[in-house]
Structure formats: C-alpha cells, structure tokens
Amino acid sequence: MKKIKRLVFSLLILFSMNSFSQPEIEKKVDALLSQMTLEEKVGQMTQVTLDVICKGKPFDEKKKQELDKDMLKKVLVDYKVGSILNTGAYTLPREQWYEIISEIQKIALKQTRLKIPVIYGIDAIHGANYTVGATLFPQQLGLAATWNPEFAEQMGAITAYEVRASAIPWNFSPVLDLGRQPLWSRFFETFGEDPYLATLMGDATVKGYQGDNVGDPEKVAACLKHFVGYSNSRSGKDRTPIMMTERELREYYLVPFKSAIEKGAQTIMINSSEIDGVPVHADYHILTSILKEELKFDGFAVTDWEDIVMLHTVHNVADSEKEAVKLAINAGVDMSMVPLKLDFADHLIELVKEGQVPMERIDDAVRRILRVKYRLGLFEKVYYDMKRYPKFGSPEFAEASYKAALESVTLLKNNDRVLPMAKDKKVLVTGVAGNSMIYLNGAWTHTWQGQDPSYDTKGKKTIYQAISDIIGKDNTFYLQGTTEDKDVNTAEVVAKAKEADYIVVCLGELPSTEKVGDIEDLTFPQAQLNLVAELKKTNKPVIVVLVESRPRIFSSVESSMDAILMAYRPGDEGGRAIAATIFGLNNPSGKLPFTYPKHTGSLVLYDHKYSEKRDKNFAFNAFNPQFEFGTGLSYTTFAYSDLKLDKTRCSESESITVSVKVTNTGQLEGKEVVQLYTRDHYASITPSVKRLRRFTKINLKPGESKIVQFTLNKDDLSFLNRKLEWITEPGKFDIMIGDQKAEFEYYIKTTNN
C-alpha cells in the first residue's frame with residue numbers, strides 16, 4: 001500500500017510540474033501581458049550576460065564569479081530585464097550555480113512588480129560543460145559519426161538533466177547549421193554536411209533536451225542555432241558574408257530547422273551573418289515570413305552576441321544603434337542578447353513612443369517569451385533542489401558518453417591490418433594531442449575556447465593514460481614531439497621510437513571556436529607533418545589519431561601512416577574510447593559525416609554536381625577526396641548482395657520498398673551503417689551525383705546475414721525548383737547501397753498509364 005501511495009504521489013507531482021494546457025497557458029500569457037507597461041515588456045525582450053551583474057571586469061576567466069547586488073537590482077528592478085546568459089566565465093560548481101541563480105530569481109520574484117521569473121540560458125553543447133563534474137559527450141560532429149540518433153537523444157537527455165541540476169532551464173543547443181564549409185571554425189559544432197543526417201540527429205537531440213514536456217524538471221528548452229545558413233560563409237571565416245540563392249538555402253540549410261521546429265523546439269538563435277547583402281538580424285523575409293508565418297514557429301527568436309548593435313557597427317545597414325534596434329525588432333527579433341549595455345531597452349522604448357516600432361510587434365515578442373517561460377514551468381518553480389538530481393556526474397552517465405565515443409571513432413585506414421594491436425607490445429605515444437584533455441574536448445568546455453587545462457575534470461584519461469591503463473606503464477612511453485605548430489623534441493621522439501613496437505601519433509588542432517578559430521590554411525601545420533614523416537623512417541608501424549575540429553589536410557604524409565583513426569572531439573571519455581579501439585576492445589563502426597578533402601583547393605562535397613567531376617583533361621575524375629562522406633572501416637568485413645525493389649515503376653501515390661542483404665564475412669562481431677543513396681538521371685535543376693535518403697545501423701556476428709529494408713516515396717526523390725516548389729519529376733532513378741545498384745522509374749499517373 002505504501003508503494004502505491006508513493007507512486008500516486010509521484011504521478012501527482014509529475015502532473016503538477018507543468019499542469020497547464022496550451023489554451024490555459026495562452027490565457028495566462030494574455031492576462032499577464034495586459035498588465036504590463038511598455039518598460040516591463042521591453043525588459044522581457046532584453047538579455048544581458050552574467051558578467052554585467054558580477055563584480056570585476058568582463059571576460060576575466062580568473063575572477064571570482066561574485067554577484068554585484070547593486071548592478072543586479074538595476075538590471076532586474078530598474079530595467080526589468082527578463083533574461084540572463086552565461087559567457088566569459090569558467091566552469092562553476094553546482095553549489096555556486098544555485099547561489100547565483102537563486103539570488104537572481106529572488107530579486108525577480110520579490111522586488112519586481114509582476115514577479116516574472118528570469119529565463120537563464122547557457123551554451124551546454126556537449127554536456128553541461130560549464131558545471132564542474134558534469135558529463136561531457138563527443139561534440140556534435142563526433143555524435144554524427146556514430147550515425148546513431150539514439151546517442152544524440154541520450155546526450156540531449158543527460159545534458160538536460162545536468163543543466164537543470166545546475167538550476168538552469170534553457171540551453172543554446174543544438175547547432176543545426178550544416179558542415180559544408182570545412183574552413184569554418186564552428187564546423188565541429190555541426191552534425192556534418194548532409195541535411196538528412198543532420199535532421200535526424202538534430203531531431204533526436206531536441207527530443208533529448210525537451211522530452212514530451214519541456215516543463216519536466218529534468219528537461220530544458222532547446223535553442224536551434226543559427227537560423228539560417230550561418231555555416232555557408234563564402235570565405236570560411238566566421239560571421240562573414242554568405243552568398244547563396246534562396247533555393248539552395250531552402251533545399252539544404254533550412255531542412256533541419258524546419259523539422260526541429262515541427263518537433264516542438266522552443267527557441268531559435270539567429271544567424272550572425274548576412275545573406276546576399278542582407279544581415280539576417282534585419283531580414284523580415286527570413287525571421288517573419290519564413291520562420292513565424294510559413295513554419296508556424298510559436299517560440300521566440302533570440303539574437304546572437306551583440307548582433308543588433310552590429311547592424312550599425314559592422315554591417316553598416318543602420319546609421320545609428322537606435323536605427324539598428326528598429327530594423328531588428330521590426331524584422332522579427334524577439335529578444336536581444338544585448339549583452340553588455342542596456343541602451344537597447346532605452347532605444348526600443350523611444351522607438352515605440354515615436355511610432356517607429358508598433359506595439360503589436362512588441363506584444364508579439366513578449367507573448368512568445370512568456371509562453372516559453374510558462375511552458376518551462378518557471379512561474380511555478382524556478383529551480384529544483386540539488387538533491388533531486390542524484391545521477392549528476394554519475395558513472396551511469398559517463399558510461400553513456402563512453403559508448404557514444406566508442407561508436408564515433410572512425411577507422412579510415414588500416415594497412416595490413418596493423419590494428420587491432422596486441423596488448424603485449426611496447427607503444428610510444430606522441431603528438432600534441434596524445435596527453436591532453438583539452439584536445440579531446442574542444443571549445444565550449446569549462447571555458448569558451450576550451451584551452452585551459454586547469455579546469456579538466458578530475459580522473460578522466462588522456463589517450464596516453466588510457467593506453468597505459470590497458471598495457472601497463474612499463475610498456476607505454478610518451479614524448480610530446482611538437483606543439484600545434486612548432487617542434488619540441490621530434491629528434492628525441494624518433495630516438496625513443498627504437499624501443500617501441502608501435503608508434504601512436506596523435507595529431508591535433510588547438511581548441512577554438514567563432515572568430516578565434518578562423519584559419520588561413522586547412523593543412524596540418526608542418527611541424528606535425530614532419531613528426532609523422534620522421535617517425536616513419538624508423539620502419540615501425542605508425543598509427544595516427546586525428547583529434548581535430550574540422551578536416552585538417554595531411555595528404556603529403558598519408559603514405560607514412562599505416563593506420564588512421566578519426567577521433568573528432570570525443571569528450572571526457574574519448575581517451576578510453578580511442579585506446580579501446582586501438583587494442584580491439586572496440587570494433588570501430590564510425591562513419592565520416594563529411595567529405596574529407598585531400599587538397600585545400602578541392603573542397604567538393606559528396607552530393608556534388610556531375611560538372612564538378614570534370615578535370616583539367618576534360619575527363620570526369622576531379623572528385624578525389626582523401627576520404628568520402630560515409631566512409632569508415634571495421635576490423636571485420638561486410639558484403640552486400642541481393643538488392644531488390646518491390647517494383648521497377650513507381651507512381652506519385654505509391655511507395656517503393658528496397659531490401660538488401662548484408663553479411664558479416666569476417667571473423668569478428670561488428671556494426672555496419674547501411675546507407676541508401678539515390679541518383680536522379682535527369683532533372684530540370686541539375687541533379688547531384690547522389691543524395692543520402694535513408695540509413696540504419698545494424699550489428700552482425702561473424703557469418704551472420706540480415707535483410708535490411710527501406711521505404712521511399714515521391715517526397716524522398718524531390719528537389720526544389722526555381723519557383724521554390726518541392727517537385728518530383730518523372731524519370732529514371734538509381735538506388736545505391738554499398739556496391740549494389742538498381743534502377744527504377746518514377747511516373748505520374750494518367751489515363752494512358
């Protein structure tokens with residue numbers, strides 16, 4: 001009986017967490033909105049950074065995060081600010097987060113007229129990376145390499161749990177920009193270059209963050225970044241102009257956002273750049289016509305850092321900061337990440353009084369913000385007791401991160417089956433990433449750029465330490481070899497290699513993101529390439545581990561590498577996952593979520609057009625990357641056979657079922673990502689050589705076979721025409737899975753068919 005009572009009580013609590021239905025929420029929003037003054041409304045549209053309300057200079061990562069009570073009162077009581085975000089600081093203990101958040105909410109709820117709670121936002125992009133002891137997963141690009149949306153959902157759920165356990169309800173994640181420009185510094189934050197893969201991973205992440213009820217105390221509001229097209233920089237530099245047609249924007253870049261919005265994502269963050277000369281923060285067509293009217297988005301849109309001001313100071317489309325505010329708010333911005341000055345609020349109040357921004361636009365923005373706050377349950381409870389989250393930083397969560405890292409590791413080369421390595425060998429570990437946690441985690445880890453090792457989570461293993469744990473310290477040596485771009489002791493490393501049976505070279509790219517991560521050349525720095533070349537001269541097997549945020553080119557020394565493991569930014573458990581893969585405790589199953597280029601002047605995507613294959617000799621051999629999209633080897637082998645279609649002709653009202661037999665022909669159990677691509681023979685818009693349409697990941701024991709089935713319909717064969725209409729034109733198509741190919745015809749029914 002006691003158990004039944006406890007169960008009923010638990011269900012009642014769960015129901016009361018966010019017990020308002022949508023109509024009830026709308027009534028409450030309207031009632032509250034009707035009581036608000038203009039100043040209170042504008043305050044809700046204003047977001048400042050934590051640095052503004054803390055003592056000391058902004059962006060001092062070493063200062064103590066101590067609230068300035070006078071400034072906090074000015075921000076919340078005088079300016080009625082409705083949102084605060086976290087930047088510029090370092091990882092904090094949960095106790096300190098509770099102290100900060102409780103003080104903020106106490107003033108908002110006790111000293112303001114309407115007692116509207118603050119919505120606090122944070123960039124927790126691969127775990128609760130600003131809270132000490134949180135679980136850190138692979139960065140998004142590594143998650144995409146698993147080709148397993150379950151890991152994305154699990155990462156989202158655990159991150160939401162630990163962010164809420166830090167008293168924070170809003171997460172600026174996931175990034176749904178496509179990784180189609182490898183020079184871009186935020187490439188590692190994406191789910192790769194393909195819109196279908198990014199859509200499935202993005203939807204799963206949002207599901208993990210928000211669940212079925214975003215008001216659940218273990219869930220957070222997701223924030224889709226960065227709407228839309230932000231990653232397609234023409235120069236590859238962050239926040240620089242984008243030149244593309246709306247057709248391309250809609251067919252590729254909008255797709256993941258559209259799906260996530262349909263799945264209920266609560267907030268979006270806006271593209272900081274410009275498209276075809278129009279800054280997105282001032283683009284009514286994108287922010288209102290597409291986002292709010294066409295996609296029916298009912299959450300709110302927040303700017304990125306200082307982007308309204310930049311309409312005046314950088315983009316030069318507004319002759320004053322006040323004019324910039326007018327352009328942005330009228331375009332559809334709901335909340336301004338100010339983030340350091342309060343001039344935004346003063347300007348917007350003046351603009352409304354002058355009739356330059358209509359009150360209807362203000363009411364729409366505030367209604368959206370309040371709606372999300374009600375959905376989050378903030379009016380009922382702004383945060384929950386720390387004791388409610390016993391799994392925070394638990395071994396259970398660490399194991400989930402470890403499993404994701406295992407499936408992300410991608411084997412790109414394995415000459416003469418040098419891997420897996422026997423455990424009775426002596427191993428030299430070298431390279432800048434070989435004994436470093438910051439390289440494994442990347443940016444947005446403990447600090448913005450993630451470059452300070454003093455904040456590393458205690459007890460987590462570097463690659464060297466994890467290898468040493470498996471084969472023993474007596475069999476493992478470490479010498480750094482180089483910094484990112486300078487020699488340290490390469491000659492000493494080469495001499496030490498004579499004592500080893502194998503050499504593991506961990507090439508790395510220093511963590512960075514946004515403008516700090518802009519680079520001039522994708523090629524790995526020469527010092528690191530020299531290290532590989534010199535070590536090959538020892539005639540010992542050279543295994544290279546790539547720990548990088550984007551594909552860094554190494555083609556000049558590729559022949560010196562006996563095996564290549566792509567690790568991406570695998571997180572706190574990445575060292576263990578890499579070591580387990582090297583010694584065969586993990587059979588690698590990761591697949592590249594992007595095309596790995598061989599040359600800096602040949603950045604061609606997997607879904608390129610046929611004309612891009614044309615080479616200087618007028619043949620069609622120009623597409624020659626280092627590794628193709630979807631590539632990834634295993635320690636076993638898989639064979640594809642018996643590709644079958646249930647019909648060879650398919651009309652617009654029919655679907656087509658595709659089946660293929662996959663057999664493990666090797667000696668080890670392993671996982672394989674079965675990828676289905678289609679090719680349109682001819683179309684009114686030049687078709688791609690192939691497009692990913694379906695995939696699934698299966699596990700096979702040695703000798704085992706499985707029949708894998710996929711279903712396609714006309715929408716899976718469609719493209720966007722020049723009228724911006726999704727159409728499927730009659731004609732012949734290829735279906736390709738592995739080395740198998742079949743052809744079918746799509747037709748439109750008429751009386752003559």
Side-chain angles (χ1 to χ4, degrees), residues 37-54 57-59 71 74-85 87-88 121 172 225-227 230 238-242 268-288 291 300-366 368-369 514-515:
T37 65
L38 172 59
E39 290 74 15
E40 287 168 330
K41 292 176 181 178
V42 169
Q44 288 299 306
M45 299 171 66
T46 306
Q47 182 186 66
V48 299
T49 181
L50 178 62
D51 277 310
V52 168
I53 57 173
C54 282
K57 295 180 179 179
F59 312 119
M71 192 62 188
K74 177 181 179 181
V75 165
L76 297 182
V77 179
D78 297 345
Y79 274 85
K80 301 150 180 53
V81 166
S83 181
I84 296 172
L85 81 150
T87 54
F172 300 140
K225 301 191 305 193
H226 305 80
F227 194 83
Y230 180 39
D238 189 48
R239 294 188 176 218
T240 56
I242 297 158
I268 68 106
M269 188 176 291
I270 302 166
N271 174 358
S272 296
S273 189
E274 61 184 67
I275 299 177
D276 195 20
V278 180
V280 179
H281 281 78
D283 195 329
Y284 181 91
H285 176 61
I286 288 178
L287 298 183
T288 298
L291 176 63
F300 67 84
V302 62
T303 76
D304 207 335
W305 186 269
E306 207 175 40
D307 275 330
I308 290 181
V309 172
M310 289 186 191
L311 295 177
H312 168 60
T313 60
V314 176
H315 296 292
N316 300 323
V317 295
D319 61 11
S320 66
E321 290 188 12
K322 182 177 176 180
E323 178 70 12
V325 172
K326 183 181 83 171
L327 290 177
I329 300 305
N330 284 338
V333 169
D334 300 312
M335 181 183 287
S336 173
M337 188 185 292
V338 183
L340 297 171
K341 301 189 300 181
L342 293 165
D343 297 0
F344 163 81
D346 297 328
H347 292 322
L348 186 52
I349 290 168
E350 289 178 11
L351 287 164
V352 174
K353 290 180 177 179
E354 294 166 0
Q356 296 190 63
V357 173
M359 184 59 79
E360 291 82 1
R361 174 76 270 274
I362 301 297
D363 286 347
D364 173 62
V366 178
R368 291 169 176 275
I369 294 165
E514 300 190 65
K515 289 304 295 182

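Because only heavy atoms are used, hydrogens play no part in the values below, and waters and symmetry mates are left out as well, while side chains stay in.
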#### Entry: Whether Lys41 side chain and Val366 backbone form a donor-acceptor pair below 3.5 Å
no
### Query
Just wondering, do Met337 and Asp304 contact through their side chains at under 4.5 Å, heavy atoms?
yes
### Query
Looking at Leu287 and Val280, what are the two nearest heavy atoms and their distance?
CD1-O, 3.3 Å
### Query
Measuring from Ile349:CD1 to Glu39:CD, what's the distance to the nearest 0.5 Å?
4.5 Å
### Task
Give, for atom CD1 of Ile329 and atom NE2 of His281, the distance between the pair rounded to the nearest 0.5 Å.
10.0 Å
### Query
So, do Val75 and Val52 sit near enough that their side-chain heavy atoms are less than 4.5 Å apart?
yes
### Electrostatic pair Asp334-Arg361, nearest N-O below 4.0 angstrom
yes
### Heavy-atom donor-acceptor pair, Thr288 side chain to Ala331 backbone, under 3.5 Å
yes
### Task
Starting at CD of Glu323, measure out to CG of Leu351 and round the result to the nearest 0.5 Å.
8.0 Å
### Message
I need the full list of side-chain hydrogen bond (donor to acceptor under 3.5 Å, both in side chains) pairs touching residues 310-319, with sequence neighbours left out, sorted by first then second residue.
### Response
Glu274-His315
### Task
Could you tell me whether a side-chain N or O of Glu40 sits under 3.5 Å from a main-chain N or O of Thr37, the two making a donor and an acceptor?
yes
### Query
Has Lys515 got more than 12 heavy atoms of other residues, nucleotides or ligands less than 6.0 Å from its NZ?
yes
### Task
Would you indicate whether the side-chain heavy atoms of Pro279 and Asn271 approach each other to under 4.5 Å?
no
### Task
Output, in order, the C-alpha distance, side-chain angles, deciding distance and verdict of side chain to side chain contact (heavy atoms under 4.5 Å, CB included) for Ile308 and Val333.
CA-CA 9 Å; Ile308 290 181; Val333 169; 4.2 Å; yes
### Summary
To the nearest 0.5 Å, atom OG1 of Thr303 lies from atom CD1 of Ile268 at 10.0 Å
Side-chain atoms of residues 338-347: list all donor-acceptor pairs with protein atoms under 3.5 Å, sequence neighbours left out, distances to 0.1 Å.
| residue | atom | partner | partner atom | Å |
| --- | --- | --- | --- | --- |
| Lys341 | NZ | Glu321 | OE2 | 3.3 |
| Asp346 | OD1 | Tyr79 | OH | 3.4 |
| Asp346 | OD2 | Tyr79 | OH | 3.2 |

### Task
Nearest 0.5 Å please: distance from the CE atom of Met45 over to the CD1 atom of Ile362.
4.0 Å
### Query
Under 4.0 Å between a Lys/Arg side-chain N and an Asp/Glu carboxylate O for Glu354 and Lys326?
no
### Query
What heavy-atom pair brings Gln47 and Phe172 nearest, and what distance separates the two atoms?
NE2-CZ, 3.8 Å
### Query
Below 4.5 Å, heavy atoms only, C-beta onward: do Lys353 and Leu38 meet side chain to side chain?
yes
### Message
Using 0.5 Å steps for rounding, measure from the CE atom of Met71 to the SG atom of Cys54.
### Response
11.0 Å
### Side-chain heavy-atom pair Ile270, Asp307 within 4.5 angstrom cut-off
no
### Message
Looking at every non-hydrogen atom in both residues, tell me the closest pair between Phe300 and Met335 and how far apart they are.
### Response
CE1-CE, 3.8 Å
#### Entry: Test item: Tyr284 and Asn330 side chains (from C-beta on) under 4.5 Å apart, heavy atoms
no
